[in-house]
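For reference, the structure discussed in these notes is given below.
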Number of protein chains: 2
Amino acid sequence: MTRPTTRVLALLEILQTGAAFTVGELARRLGVDERTVRRYVGHLADLGVPVESRRGRYGGYRLAPGYRLPPLMLTDDEAVALALGLVAGERTGLTAGEGVAAEGAAAKLRRVLPAALARRVDSLLATVELTAPRRTAPPTGLAAVADLAESARARHPVTIGYTSWQGRVSERRLDPYGLVFHAGRWYVTGFDHDRAAVRTFRVDRITAVAAGTGTFEIPEGFEPTATVLAGLAAVPWKYEVSVVLRTSLAEARHRIPPSVGTLTELPDGVRLVTRAEHLDGAAQMLAGLGWPFRIEHPTELAAEVCALADRLRANAT
Amino acid sequence: MTRPTTRVLALLEILQTGAAFTVGELARRLGVDERTVRRYVGHLADLGVPVESRRGRYGGYRLAPGYRLPPLMLTDDEAVALALGLVAGERTGLTAGEGVAAEGAAAKLRRVLPAALARRVDSLLATVELTAPRRTAPPTGLAAVADLAESARARHPVTIGYTSWQGRVSERRLDPYGLVFHAGRWYVTGFDHDRAAVRTFRVDRITAVAAGTGTFEIPEGFEPTATVLAGLAAVPWKYEVSVVLRTSLAEARHRIPPSVGTLTELPDGVRLVTRAEHLDGAAQMLAGLGWPFRIEHPTELAAEVCALADRLRANAT
DNA sequence: CTCAACCGGGCGGGAACTGTCCGGTATTCA
DNA sequence: TGAATACCGGACAGTTCCCGCCCGGTTGAG
């Protein structure tokens, strides 16, 4: 009965009696220091055990008494939606990384469901298969995501520790404008005080988030998604490509994700503006779309398209 | 969630679901070695938690009924995972259709959370933006999905009302083998007694599910996902297209989703077998991939590729 | 306003936790 | 009867992180 893990469980057992205990009392019973009891209580709280504390005279710890969780009477559909949501979150990478959190949530959820419904949900999870590719992105601490979201909404600046692309560690003061989830990764975009410009950061590269004081304003019309995508697309590119596609805007939207480039409606078609490092990639994209097009610039792209046409012809014979 | 004490509690919580688990399963969930799981079980036993074990095949650990952990609350991360899961489910279409269910679940969830956590989750939902395209699929009753899953797991046949492709209504006796979610839609695949063959049905076209009696066996090695995808690819097609791509299998896998066609490794490349109704689409696809290729059949595809090459050339000048 | 409680940071020494390897045993199924 | 699958638990070395002891706060009752 002397191992720490055992003692934490013992503490839980003591508290289960329902009465309130002072730290001193608990420390005496467990045979450890008072400070340690506080740490144990912290562990229990971390796990979601609803232990309440009352400060001041006659204070003490006790388990939240009437936390009868009466509630959370979920309907069939709601329970199913939650369970599937967890699966979806994991698959898309939205909640990935903190896999344990999703597991815990599922377990707790299951426990509050009536037996029949729980069985239903189990069956569903056991049976279902998804065709969507499993995202394997670097795990992101959801806590950081939530922290940043909170600061963003409250318009409070934050200080973040960031490990840059090349592995350099730095500390930045940031006004978080928005959080964007793209291709399995979380990004935060906002005003970087040190660089004095709007910058985008990968949340999984952020090591610490500390809420700052003061407030800021988000510029009128700021679009987090567009900013992040632009930042990503901007990595290395040599050519700005502009072509007019002979199709409707709706059709184009349907086939071309916004991360590829921006679409503008014209009288005679749709202008697609995008960036490329190699023009053969752009030529392939045009060929794959299948609509007639007109190249605005760069003029070298025309040669590249002809070269592609030649290659196709050569392959076909 | 990495501290040992916390993990022991997590173990207790997993066992609390009432089901039996093997050491391997528990180790995976907790992210520790199997030996360590045994140690944890020992700790629980030390404390008087009635953990039962069954050795041999189909053995595992389970909690003796009657042991109750105090009601747990969701931790920060778990609440966030649930909230994001709902968003993910809606976005991917997994839980779509029953939008009301997801909303209800979110509302109830929110009410159960402590105020501070609720605020955090609100911030998150208000701030987050996703770049993934919003799926707009026909709403599917999640109840039907859950019903089918339950029958599939219990190996009970069902009788379904089905509105076919052309709008004809029929009633089918089905042995549900598996449920697959693909491209925003739910499918159930299984043995259709009336057609005496394995068939796939869109769940949103199913009007009623009635559990039948008796049981069935799922054929050895049956793969629901593969079956559904094959069924979909088969819809209306005139040509079977077979081409050899000069690239590696890994590269090809990376660019070509399994729903497009099947890939086979060859000494000099990768064979892609797919089906098409119109050959120009196939030609465009080849052009868009950008790898050198050789057409095996149909021979008309060569002409189509040349035509595409001509069109490209015409556009480029 | 003062006592009694909780709160939580920092620090140094050392207990104990982890993964690994291994030879066992029990149970089921072919 | 034998193979496969589980649980069982000892030994050991490396390293973590846990503990006790400081401390100066804050909160609430009387």
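Within every chain, numbering begins at 1; the chains are lettered A, B, ... in the order of the sequence lines, protein sequences first and strands thereafter.
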**Report entry** Residue whose closest nucleotide on DNA chain C lies nearer the 5' end, A:Thr5 versus A:Val41
**Finding:**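 Per heavy-atom nearest nucleotide, the more 5' residue is A:Val41.
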Requested in this report: Kindly state whether the ring of B:Phe222 and the ring of B:Tyr177 have centres lying under 6.0 angstrom apart.
Outcome: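 Judged by ring-centre distance (under 6.0 Å), B:Phe222 and B:Tyr177 do meet the cut-off.
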Query raised in the report: So, A:Tyr162 versus A:Phe201, ring centres under 6.0 angstrom or not?
Result: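 Under 6.0 Å, so yes.
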**Report entry** Residues forming a side-chain hydrogen bond (donor to acceptor under 3.5 Å, both in side chains) with B:Thr225, sequence neighbours excluded
**Finding:**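 Result, side-chain hydrogen bond (donor to acceptor under 3.5 Å, both in side chains) vs B:Thr225: A:Glu129.
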**Report entry** Set of side-chain hydrogen bond (donor to acceptor under 3.5 Å, both in side chains) partners for B:Arg110, sequence neighbours left out
**Finding:**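 Only B:Asp122 meet the side-chain hydrogen bond (donor to acceptor under 3.5 Å, both in side chains) criterion with B:Arg110.
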Separation of atom [atom1] in [X] from atom [atom2] in [N], rounded to whole Å:
| X | N | atom1 | atom2 | result |
| --- | --- | --- | --- | --- |
| A:Glu25 | C:dC6 | CD | C1' | 16 Å |
| A:Asp33 | D:dC18 | CG | C1' | 12 Å |
| A:Phe21 | C:dA5 | CZ | C1' | 16 Å |
| A:Leu44 | C:dC6 | CG | C1' | 16 Å |
| B:Arg28 | C:dG19 | CZ | P | 16 Å |
| A:Leu26 | D:dG20 | CG | P | 14 Å |
| B:Glu52 | D:dC7 | CD | C1' | 14 Å |
| B:Leu30 | C:dT18 | CG | P | 10 Å |

Could you check whether [X] pairs with [Y] (Lys NZ or Arg NE/NH1/NH2 to Asp/Glu carboxylate O, under 4.0 Å)?
| X | Y | answer |
| --- | --- | --- |
| A:Arg120 | A:Asp76 | yes |
| A:Arg119 | B:Glu150 | yes |
| A:Arg172 | A:Asp194 | no |

Would one find a side-chain N or O of [X] under 4.0 angstrom from OP1 or OP2 of [N]?
| X | N | result |
| --- | --- | --- |
| A:Arg7 | D:dC19 | yes |
| B:Ser53 | D:dC8 | yes |
| A:Tyr40 | D:dC19 | yes |
| B:Thr22 | D:dA6 | no |

Requested in this report: Please state whether the rings of A:His193 and A:Phe191 are parallel, tilted or perpendicular, taking 30° and 60° as the class boundaries.
Outcome: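 Ring orientation, 0 to 90° scale: perpendicular.
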Requested in this report: Establish whether the base of C:dG19 is bridged to the side chain of B:Arg39 by a donor-acceptor pair shorter than 3.5 Å.
Outcome: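 Per atom types, the contact qualifies.
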Query raised in the report: Which one, C:dC6, D:dG9, C:dT18, comes nearest to the side chain of B:Arg35?
Result: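 Out of C:dC6, D:dG9, C:dT18, the nucleotide with an atom closest to B:Arg35's side chain is D:dG9.
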**Report entry** Annotated protein contacts, base or backbone, on nucleotides 23-30 of chain D with a non-hydrogen cut-off under 4.0 Å, one of B, S, - each
**Finding:** --BBBSSS
Query raised in the report: Residues two or more places apart in sequence or in another chain: which of them pass side-chain contact (heavy atoms from CB on, under 4.5 Å) with B:Glu265?
Result: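 B:Glu265: side-chain contact (heavy atoms from CB on, under 4.5 Å) contacts with B:Leu249.
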Report task. Work out how much the helix from C:dC1-D:dG30 to C:dA30-D:dT1 bends between its end axes, five pairs an end, to the nearest 10 degrees. Result ->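 Angle reported: 70°, given to the nearest ten degrees.
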Requested in this report: Please name all residues satisfying salt bridge (charged side-chain N to carboxylate O under 4.0 Å, His left out) with B:Asp175, sequence neighbours left out, ordered by chain then number.
Outcome: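 Salt bridge (charged side-chain N to carboxylate O under 4.0 Å, His left out) check on B:Asp175 returns nothing, list empty.
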